[in-house]
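Written below as structure tokens is the structure these notes are about.
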Amino acid sequence: MSELHEPLLAWYDAHARDLPWRGDGATPWSVMVSEFMLQQTPVTRVEPVHRLWMETWPTPADLAAAPSGEAVRAWGRLGYPRRALRLHAAATAIVERYAGEVPSSYDDLRALPGVGDYTAAAIATFGYGRRHAVLDTNVRRVLARLVSGVELPPVAATAGEKRLAESLLPHDEGDAATWSIALMELGALVCTAARPRCEACPVVGECAWRAAGYPAYDGPPRKGQTWAGTDRQVRGRLMAVVREAEGAVPKPRLDRAWDDDTQRDRALASLLTDGLLVETPDGYALPG
DNA sequence: AAACCGTGGCG
DNA sequence: TCGCCAAGGTT
């Protein structure tokens, strides 16, 4: 089609990582599990957890039959444990609405808990070979550089980016899926946020950012997430204690996880509200 | 729609 | 060292 497709597809064929949710062994469910885990978490940390998860719960029905707390425990230290809860809820919905089969349409997927625009497009595309624009942080950055000639995409995804991604999508369904995963892989391995490896880029000759002389990002400041001292840190501490415990954790033991009483209790209350913890006669535990 | 939600690796 | 960032979603 364009001067972009052939070199990128060839590059992907030669350089794609061999990941458990790709290739012959992959199922729509394994793709779906990977997409949940990969929301804001790097591939290297997802891989081992994904393998164990698929051994434990090979189908949505297997996960739905387990207590949600088991999903949270198996989630381990991937971060954002609400994703584990949402994946469990999504599996339950799949059993109830679709007889245990991961749906293949974007709209059905999009209606599941924890599935937003990106994840719905990704599951439909990589799980079923459907043709959708898959606009993740990698694709947004690659297109910003390659086509728009800027270092970084806008802070929030725009309709223009969506239109651009759709306009570049190969017409053939199979090619479209490979094109999208190739764009993502290029962003992950070569066209990285910091220190892009342009010398290894298969489409460097077409790159608008390079042609413009690599102008630095000049948009609105991108807010970094604060961490130290936030409720998120406290929640993480509390969850780590309960996750690593056998059964319920007595309140005094949780109290040791954070000094500030007010903040600790607020964090604990929010975990209960989220359903990540439950209160029992013996203390606090993962939901049964 | 801006803020919130974990965790760890890297330069 | 420490800020940045990693296949986002929800409210």
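Nothing here was measured: the structure is a model prediction, and the numbers come from that model. Because only heavy atoms are used, hydrogens play no part in the values below, and waters and symmetry mates are left out as well, while side chains stay in. We name chains A, B, ... by the order of the sequence lines, and we start the count at 1 in each one.
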- Any chance you could lay out the salt bridge (charged side-chain N to carboxylate O under 4.0 Å, His left out) test for A:D265 and A:K251, step after step, and finish with the verdict? CA-CA 10 Å; A:D265 288 344; A:K251 181 68 158 54; 3.4 Å; yes
- Query: In this structure, are over 12 heavy atoms from other groups packed under 6.0 Å from A:R222 atom CZ?
  - Reply: yes
- Message: Less than 4.0 angstrom from a charged side-chain N to a carboxylate O is my criterion; do A:E47 and A:R17 meet it?
- Response: no
- Measure from the side-chain N and O atoms of A:W75 to the backbone N and O of A:G79, and report whether any donor-acceptor pair falls under 3.5 Å. yes
- Message: If you assign each of A:R83 and A:T44 to its closest nucleotide in DNA chain B, which residue comes earlier from the 5' end?
- Response: A:R83
- Range on DNA chain C touched by chain A - first to last nucleotide, heavy-atom distance under 4.0 Å: C:dA6 to C:dT10
- Message: Say we look at B:dC5 and C:dC5: how far apart would their C1' atoms be, to the nearest angstrom?
- Response: 16 Å
- Per nearest nucleotide of DNA chain C, the residue lying toward the 5' end, A:P113 or A:V43, is A:V43
- Task: Identify whether any heavy atom of A:S270 sits under 4.0 Å from a base atom; if not, whether one sits that close to sugar-phosphate; answer base, sugar-phosphate or nothing.
- Result: nothing
- Query: Under 4.0 angstrom, heavy atoms only, what part of the nucleic acid is A:R232 near: base, sugar-phosphate, or nothing?
  - Reply: base
- Message: Could you report the tightest heavy-atom contact between A:A91 and A:W29, atom names first, then the distance?
- Response: CB-CH2, 4.0 Å
- Message: Using a 4.0 Å heavy-atom cut-off, does A:R140 contact any base of the nucleic acid, only the sugar-phosphate backbone, or nothing at all?
- Response: nothing
- Answer with base, sugar-phosphate or nothing: what part of the nucleic acid does A:A193 contact at a heavy-atom distance below 4.0 Å? sugar-phosphate
- Flag the pair A:R235 and A:D274 as a salt bridge only when some basic side-chain nitrogen lies within less than 4.0 angstrom of an acidic carboxylate oxygen. yes
- A:R195 or A:D231: which one's nearest nucleotide on DNA chain B is closer to the 5' end? A:D231
- Task: Look at A:R131 together with A:E173 and state whether they make a salt bridge at an N to O cut-off of under 4.0 Å.
- Result: no
- Note on the structure: Result for 5'-nearest mapping on DNA chain C, choosing between A:F126 and A:G114, is A:F126
- Message: Under 4.0 Å, counting only non-hydrogen atoms across every strand here, what does A:R235 touch: a base, just sugar-phosphate, or nothing?
- Response: sugar-phosphate
- Counting any heavy atom closer than 4.0 Å, what does A:Q225 reach on the DNA or RNA strands: base, sugar-phosphate only, or nothing? base
- Task: Classify the nucleic acid contact of A:W21 as base, sugar-phosphate or nothing, counting any heavy atom under 4.0 Å across all strands shown.
- Result: base
- Looking only at heavy atoms, what is the nearest atom pair of A:G187 and A:N138, with distance? C-OD1, 3.3 Å
- Item | Contiguous Watson-Crick or G-U pair runs (3 or more, under 3.5 Å) in DNA chain C | B:2-5 with C:8-11, B:7-11 with C:2-6
- Looking across every strand, which nucleic acid part, if any, lies under 4.0 Å from A:G79 by heavy atom: base, sugar-phosphate, or nothing? base
- Is A:D117 touching bases, backbone alone, or none of the nucleic acid, heavy atoms closer than 4.0 Å? sugar-phosphate
- Could you tell me whether A:V134 contacts a base, only the sugar-phosphate backbone, or nothing, with contacts defined as non-hydrogen atoms closer than 4.0 Å? nothing
- Is A:D261 paired with A:R264 through a side-chain N to carboxylate O contact shorter than 4.0 Å? yes
- When you measure from the side chain of A:R83 to the backbone N and O of A:M37, does any donor-acceptor pair fall under 3.5 Å? yes
